[in-house]
Amino acid sequence: PRRDATSSARTTPDHASGPPAALRGFPAAMTENVLDALVYLFENFLYVDDDSAGDRAAMQAGLSEAGFDDGEIGKAFDWLDGLDRQPATGTPARPGTPIRVFAEREQACLDVEARGFLLELEQAGVLDAPRRELVLDRVLALGHESLDVDDAKWIVLMVLSRQPGQEAACAWMESRLLAGEGESVH
């Protein structure tokens, strides 16, 4: 797996000891990836209950100390700002709702397993249609090609964590990430 979600405790980056525990084992080039910067922010600042969670300067300093460059840091914050500008609202899925067909650009950005995972989440009631669209918007905003199911899990978790009333869905996603389960949603 590309991401290490086992570290939920806040770590203090240290240049001398190399990248933080959440990033160890990644190729050096991956620390320049916006998604990796977002995962780092999520694990160390956004999903913790302390005063640094809303302190943008502290988050920027943490990313910089972890080895992310200014461009990737800026893109990570732009991604989060885009998420915060687009709150998803909607109603629960109704039985018999048609299946979403992915556009060509979405297919290029998400591999088959990741697309299947999003459909499973929607069918299981973890994602409703507006939040699925918000997830897809954030996938496209990353500008990557062929994100895998692990990437999709992180994006879904980040989206759900910033949505009011989605605590149960967020907890469910977090348990799947931490468990590293690759099994189907039921």
Side-chain angles (χ1 to χ4, degrees), residues 1-88 105-106 108-111 114 131 134-164 166-167 169-171 173-180:
R2 290 179 26 186
R3 312 237 183 283
D4 178 357
T6 59
S7 171
S8 60
R10 184 164 180 206
T11 58
T12 305
D14 181 5
H15 289 292
S17 64
L23 297 177
R24 288 192 187 116
F26 289 175
M30 289 190 71
T31 61
E32 297 175 3
N33 182 303
V34 175
L35 185 55
D36 292 315
L38 289 165
V39 169
Y40 179 84
L41 279 173
F42 187 79
E43 287 185 328
N44 293 282
F45 295 98
L46 302 176
Y47 206 63
V48 295
D49 293 328
D50 71 16
D51 295 335
S52 66
D55 185 352
R56 194 172 204 138
M59 291 186 280
Q60 287 174 321
L63 284 167
S64 183
E65 289 176 25
F68 293 99
D69 67 36
D70 290 340
E72 296 305 319
I73 293 170
K75 289 176 186 176
F77 282 109
D78 288 347
W79 190 92
L80 287 170
D81 291 342
L83 174 59
D84 291 340
R85 281 191 303 269
Q86 301 179 39
R105 184 171 173 216
E106 294 165 341
C109 288
L110 288 166
D111 70 15
R131 284 177 185 78
L134 186 53
V135 167
L136 290 171
D137 176 75
R138 297 295 78 207
V139 164
L140 296 175
L142 285 171
H144 291 234
E145 289 189 19
S146 197
L147 295 172
D148 63 22
V149 71
D150 290 330
D151 297 329
K153 288 177 182 178
W154 276 107
I155 293 167
V156 169
L157 182 60
M158 285 185 262
V159 167
L160 290 175
S161 73
R162 311 256 312 181
Q163 297 291 305
Q166 295 300 302
E167 293 80 11
C170 188
M173 276 303 304
E174 181 183 21
S175 71
R176 295 307 170 266
L177 261 173
L178 293 174

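Computed from a prediction, not measured in an experiment: that's the story for all the values here.
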To the nearest 0.5 Å, how far apart are [atom1] in [X] and [atom2] in [Y]?
| X | Y | atom1 | atom2 | result |
| --- | --- | --- | --- | --- |
| Leu147 | Glu106 | CG | CD | 12.0 Å |
| Met158 | Leu38 | CE | CG | 5.0 Å |
| Leu80 | Arg85 | CG | CZ | 10.5 Å |

Closest heavy-atom contact between [X] and [Y]?
| X | Y | answer |
| --- | --- | --- |
| Glu174 | Leu157 | N-CD1, 3.8 Å |
| Gln60 | Phe77 | CG-CE1, 3.2 Å |
| Asp111 | Val149 | OD1-N, 4.0 Å |
| Leu63 | Ala37 | CD2-O, 3.6 Å |
| Ala58 | Phe45 | O-CZ, 3.6 Å |
| Val156 | Met173 | CG1-CG, 3.8 Å |

Students often mix this up, so state it plainly: with edges at 30° and 60°, are the rings of Phe42 and Trp154 parallel, tilted or perpendicular? perpendicular

For side chain to side chain contact (heavy atoms under 4.5 Å, CB included), just list the numbers for Leu140 and Arg105, CA-CA rounded to whole Å, side-chain angles, deciding distance to a tenth of an Å, and then say yes or no. CA-CA 8 Å; Leu140 296 175; Arg105 184 171 173 216; 3.8 Å; yes

Ile155 vs Leu35 side-chain heavy atoms within contact, under 4.5 Å: yes

Quick one: are Leu110 and Ser146 in side-chain contact, heavy atoms under 4.5 Å?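 No. Closest side-chain heavy atoms not under 4.5 Å.
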
Gln166: side chain to side chain contact (heavy atoms under 4.5 Å, CB included) partners, not counting sequence neighbours: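 Applying side chain to side chain contact (heavy atoms under 4.5 Å, CB included) to Gln166 gives Arg131, Leu160, Gln163, Ala169.
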
Report the residues that fulfil side-chain hydrogen bond (donor to acceptor under 3.5 Å, both in side chains) with Asp81, sequence neighbours left out, ordered by chain and then residue number. Arg56

